[in-house]
Structures are given as C-alpha cells and as structure tokens.
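In this text the structure is predicted, and so the values were computed from the model without any measurement. Each ligand, and each atom within it, is numbered from 1 in the order the structure gives.
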Amino acid sequence: MGIKFIVDNNVGKLVKWLRIMGYDTLFFGGSSDSGMIAIALNEDRVILTRDTQIMKRRVVTSGRLKVVLIKSDEPEQQMHQVITALNMDCEYGPCTICLECNQPLMERSKQQVKDRVPPYVFQTQNQYMECPACHRIYWRGTHWQAMTKKMKNFMKG
Ligand SMILES: [Zn+2]
C-alpha cells in the first residue's frame with residue numbers, strides 16, 4: 001500500500017503530479033480545516049498544505065495525523081519537498097490512477113479500445129488503461145513519458 005494524500009487548495013498543483021506518479025490523491029476544495037482533517041483521519045491520508053495553523057492542531061502535534069507543511073510557491077520545489085520528506089518513489093505506479101477522477105485505472109486489451117483511440121495511437125501502443133468513472137482511455141504514450149522524465153530530472157538537480 002502506498003501513501004495516500006489530501007491536498008489543500010493552496011497547493012492544488014500537487015494533485016496532478018502525485019496522480020501521475022500513481023499516488024491516490026484527493027483535492028480538498030473546501031475552506032474548513034476541520035473538514036480536511038476529518039477526511040485525512042478517516043481515510044488515513046497525509047495532508048499537504050501551506051496553512052501553518054494546521055500544524056498547531058493537537059492531532060498533528062501528537063503525531064496522530066501526518067502533515068507536510070509546504071514551504072515553496074513553486075510547484076516543482078513543492079514536489080521536491082514532498083518526495084524528499086516522505087522518501088517517495090517517482091516511478092511508484094505511473095499510469096495507474098485517473099488524473100481527473102483519482103480512480104484506479106483498469107487494464108484494457110487493444111481490441112477493447114480499437115474505436116476509442118486515435119489511429120496512430122492504436123498502431124503504436126499495446127497497453128491501455130480505462131478509468132471506470134469517466135471512461136477516459138490512457139496509454140503510456142509520450143505525455144506520460146515526458147511528465148515522468150521531467151519529474152526525474154528535477155529530482156536529480
Ligand atoms: Zn476518470
């Protein structure tokens with residue numbers, strides 16, 4: 001089981017990056033810290049936020065709830081901080097989570113997606129995944145490769 005996250009709206013850019021890496025990540029769009037904390041405790045999620053007030057909460061100071069207080073404004077620096085703080089694997093599960101819905105993707109055969117992907121994709125890709133919620137089809141094509149490469153590069157440097 002990997003780490004699961006809930007991301008505060010002040011660091012919302014982290015959502016997509018974490019899902020690209022394959023981490024189950026909820027976006028919290030509300031304004032109530034208590035609401036976010038309740039979800040985190042219920043679902044065993046790590047909170048990512050820039051809100052220093054949350055750090056003073058008893059559930060956090062006692063260590064019951066894990067929070068990473070994000071320091072930078074820059075999404076790449078933010079990702080760097082999270083990955084380092086939690087000792088995460090950049091290639092944990094690329095192409096396993098829907099980037100829009102946060103649902104685990106299901107494997108699909110080439111024949112099952114035949115009429116649902118562009119012809120050039122069908123010719124060049126053999127592995128496909130489908131989101132059970134929004135039915136978007138994913139494949140480990142250039143988009144994914146470019147994102148993963150970018151992530152590895154900034155982790156190096
Ligand atoms: Zn989806």
Next on the checklist: For R50, is there an ion pair with D73 - N to carboxylate O distance below 4.0 angstrom?
Outcome noted: yes
Checklist entry - To the nearest 0.5 Å, what is the distance between NZ (K56) and CG (D33)? => result 11.5 Å
Item to check | K110 NZ/CZ over Y128 ring centroid, <6.0 Å and within 45° of normal | outcome: no
Checklist entry - Around the Zn ion (ligand 1), how many protein N, O or S atoms are closer than 2.8 Å? => result 4
Item to check | Presence of salt bridge, R116 and E130, under 4.0 angstrom | outcome: yes
Checklist entry - Same hydrophobic cluster for M21 and V46, using side-chain heavy-atom links shorter than 4.5 Å among ILVMFWY? => result yes
Checklist entry - Taking the six-membered ring for Trp, is the centroid-to-centroid distance between Y92 and Y23 below 6.0 Å? => result yes
